[in-house]
Amino acid sequence: MSENKAKPDRNWARQVWKVVCDIPPGHVLTYGEVARLSGMPRAARRVSQAMRWAPRSMKVPWHRVINAQGKISIPADSPWHKKQKQMLQEEGVVFLRGKVDLDKYGYQGAVDRLLWGGPVGE
DNA sequence: GGGCTGACCTACT
DNA sequence: CAGTAGGCCAGCC
């Protein structure tokens, strides 16, 4: 209870990190989905900011968060862009033409897989 | 107190 | 499929 001395502004970011930490390995979530799961459907932009503030001590899988286009939103200028792509590939995510198939690795695809309890190609 | 920025999204052309 | 326009909201100057 003493570590929570951060300003209330950063409090919303905490919820975002919590949702991101809930993303299963081998799956990705879009900023809009994460924002909606965090309770702020219009906060897609806020999520991006939260990723930037995500401290390493939290081990937040920020690399599992991508944009609605299924592509990495980090500018190629940043070394993290290359890092994220490698991280996802390590998790089992496949990049097609530089994009990720949200139909398979997206949240909706994850639920479908859990309900059907089988591989995606069906 | 006001205005610009941004790891975005959705919709239309 | 690619490009453009509008919206949305917190952080920073």
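Below, each value reflects all heavy atoms present in this structure, side chains not excepted, and no hydrogens, waters or symmetry copies. Here is the naming used below: chain letters follow the sequence lines, and residue numbers restart at 1 for every chain.
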For B/dG6, take OP1 and OP2 only and decide whether either is under 4.0 Å from a side-chain N or O of A/S48. no
Nearest whole Å is fine: how far is B/dC8 C1' from A/Q49 CD? 11 Å
Quick one: side chain to side chain donor-acceptor pair (under 3.5 Å) pairs with a partner in residues 30-58 of chain A, sequence neighbours left out? none
Quick check for you: to the nearest 0.5 Å, what is the distance between A/Q84 atom CD and A/Q89 atom CD? 11.0 Å
Taking 4.0 Å as the cut-off, does a side-chain nitrogen or oxygen of A/W12 come that near to OP1 or OP2 on C/dG11? yes
Report the residue from A/V60, A/L29, A/L37 that forms a side-chain contact (heavy atoms from CB on, under 4.5 Å) with A/I23. A/L29
From CZ of A/R36 across to C1' of B/dC8 the rounded distance in Å is 14 Å
Rounded distance (Å) that lies between atom C1' of C/dG3 and atom NZ of A/K71: 12 Å
Tell me the interatomic distance from A/N67, atom CG, to B/dT10, atom P, rounded to whole angstroms. 10 Å
Please state how far atom CE in A/M51 lies from atom P in B/dG6, giving the value in whole angstrom units. 19 Å
Given the structure, check if the side chain of A/R45 and the base of C/dC9 hold any donor-acceptor pair shorter than 3.5 Å. no
I need the A/I72 CD1 to A/K85 NZ distance, nearest 0.5 Å. 7.0 Å
Using a 4.0 Å cut-off on heavy atoms, which residues in residues 83-98 of chain A reach DNA chain C? List them by number, or say none. none
Could you give the CG-to-P distance, from A/L102 to B/dC9, as a whole number of Å? 10 Å
Across all chains, not counting sequence neighbours, the salt bridge (charged side-chain N to carboxylate O under 4.0 Å, His left out) partners of A/R64 are A/E91
If only atom types and distance count, is the side chain of A/W62 paired as donor or acceptor with the main-chain N or O of A/A54 below 3.5 Å? no
Just checking A/A68: base, sugar-phosphate only, or nothing, at a heavy-atom cut-off of under 4.0 Å? sugar-phosphate
Taken to the nearest whole Å, CH2/A/W53 to C1'/B/dG6 is 11 Å
State whether the distance check finds a donor on one side and an acceptor on the other, under 3.5 Å, for side chain A/R42 versus base C/dC9. no
Interatomic distance, A/Q15 CD vs C/dA10 C1' [rounded to whole Å]: 16 Å
Does any N or O in the side chain of A/D103 come within less than 3.5 Å of the main-chain N or O of A/G106, such that one atom is a donor and the other an acceptor? no
Determine the contact category for A/W62: base if any of its heavy atoms lies under 4.0 Å from a base atom, sugar-phosphate if only primed atoms, P, OP1 or OP2 are that close, otherwise nothing. base
